[in-house]
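Single-structure report; data block below.
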Amino acid sequence: MNLRTLVAALLIGVAAPAFAQSAAPAAVAPHGCTKPDDYPGRLASDMRRNNWVKSANAYLECLKKYVQEQQGAYNKVLEQGKPHLDAANASIDEYNKAAAQFKADQEGGK
């Protein structure tokens, strides 16, 4: 094995992880809420209409609960990413200050 082949193999081995795809986000399970049938109408019995109202309310409550769970999961992810965002913003501020200082130094003839 010559030196060129060894260097090429080493570079490929080092660069391969950089080109690897990141894992796909986990699939989010859909809600398991059961939508009620169509409204039975005004000619239906009181009991049938009342049962439909109960089913509709249960469906809406189920959807609200699902939304709250998903929003909670999303907020956890945001909290985990906040330190990275803060670090990026601090670096942006440092970059802007340094660029302004470098420009001022050049214009001032330093």
Side-chain angles (χ1 to χ4, degrees):
M1 184 183 261
N2 65 23
L3 184 60
R4 227 181 233 176
T5 307
L6 180 62
V7 170
L10 180 62
L11 288 175
I12 290 171
V14 170
F19 294 111
Q21 293 182 353
S22 61
V28 177
H31 65 78
C33 307
T34 304
K35 188 174 181 179
D37 295 332
D38 291 338
Y39 182 69
R42 60 183 172 93
L43 298 178
S45 69
D46 286 343
M47 186 171 88
R48 187 160 176 224
R49 283 195 312 267
N50 288 341
N51 285 339
W52 182 88
V53 168
K54 287 178 187 177
S55 295
N57 287 336
Y59 175 67
L60 295 175
E61 285 301 314
C62 179
L63 288 174
K64 278 197 245 181
K65 182 180 176 189
Y66 179 79
V67 167
Q68 290 172 346
E69 289 170 355
Q70 296 308 309
Q71 287 174 335
Y74 175 74
N75 288 335
K76 283 183 184 179
V77 171
L78 283 180
E79 289 171 14
Q80 291 172 353
K82 186 161 179 3
H84 299 284
L85 180 62
D86 292 344
N89 286 335
S91 295
I92 289 169
D93 290 341
E94 183 177 344
Y95 172 91
N96 289 336
K97 288 176 186 174
Q101 182 63 50
F102 296 156
K103 184 178 179 182
D105 289 348
Q106 287 176 341
E107 291 173 354
K110 285 189 177 181

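Keep in mind that what you see is a predicted model, and the values were worked out from it rather than measured. Every heavy atom of this structure was used, including side-chain atoms; hydrogens, water molecules and symmetry mates were not.
In plain terms, the two heavy atoms of Pro36 and Ala56 that are nearest each other are CG-CA, 3.7 Å.
Grouping Ile, Leu, Val, Met, Phe, Trp and Tyr residues whose side-chain heavy atoms lie under 4.5 Å apart, directly or via other members, places Val28 in a hydrophobic cluster with Tyr66.
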Atom pairs and distances, donor-acceptor, side-chain atoms in residues 39-48, under 3.5 Å, two or more places apart:
| unit_1 | atom_1 | unit_2 | atom_2 | d |
| --- | --- | --- | --- | --- |
| Ser45 | OG | Arg48 | N | 3.2 |
| Asp46 | OD1 | Arg49 | NH2 | 2.4 |

What pairs of donor and acceptor atoms, side-chain ones from residues 88-97 against any protein atom, are under 3.5 angstrom apart with sequence neighbours left out?
| unit_1 | atom_1 | unit_2 | atom_2 | d |
| --- | --- | --- | --- | --- |
| Asn89 | ND2 | Leu85 | O | 3.4 |
| Ser91 | OG | Ala87 | O | 3.1 |
| Asn96 | ND2 | Ile92 | O | 3.4 |

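Under the side chain to side chain contact (heavy atoms under 4.5 Å, CB included) criterion, Asp37 pairs with no residue, sequence neighbours left out. Remark: Lys64 pairs with Glu61 by the side chain to side chain donor-acceptor pair (under 3.5 Å) rule, at least two apart or across chains. The side chain to side chain donor-acceptor pair (under 3.5 Å) search around Asp38 returns none, not counting sequence neighbours.
Here NZ of Lys35 is found 9.5 Å from CG of Leu63. Values are rounded to the nearest 0.5 Å. In this structure, Gln106 CD and Gln101 CD are separated by 11.0 Å, a value rounded to the nearest 0.5 Å. Atoms CG and SG, on Asn57 and Cys62 in that order, are 12.5 Å from each other to the nearest 0.5 Å.
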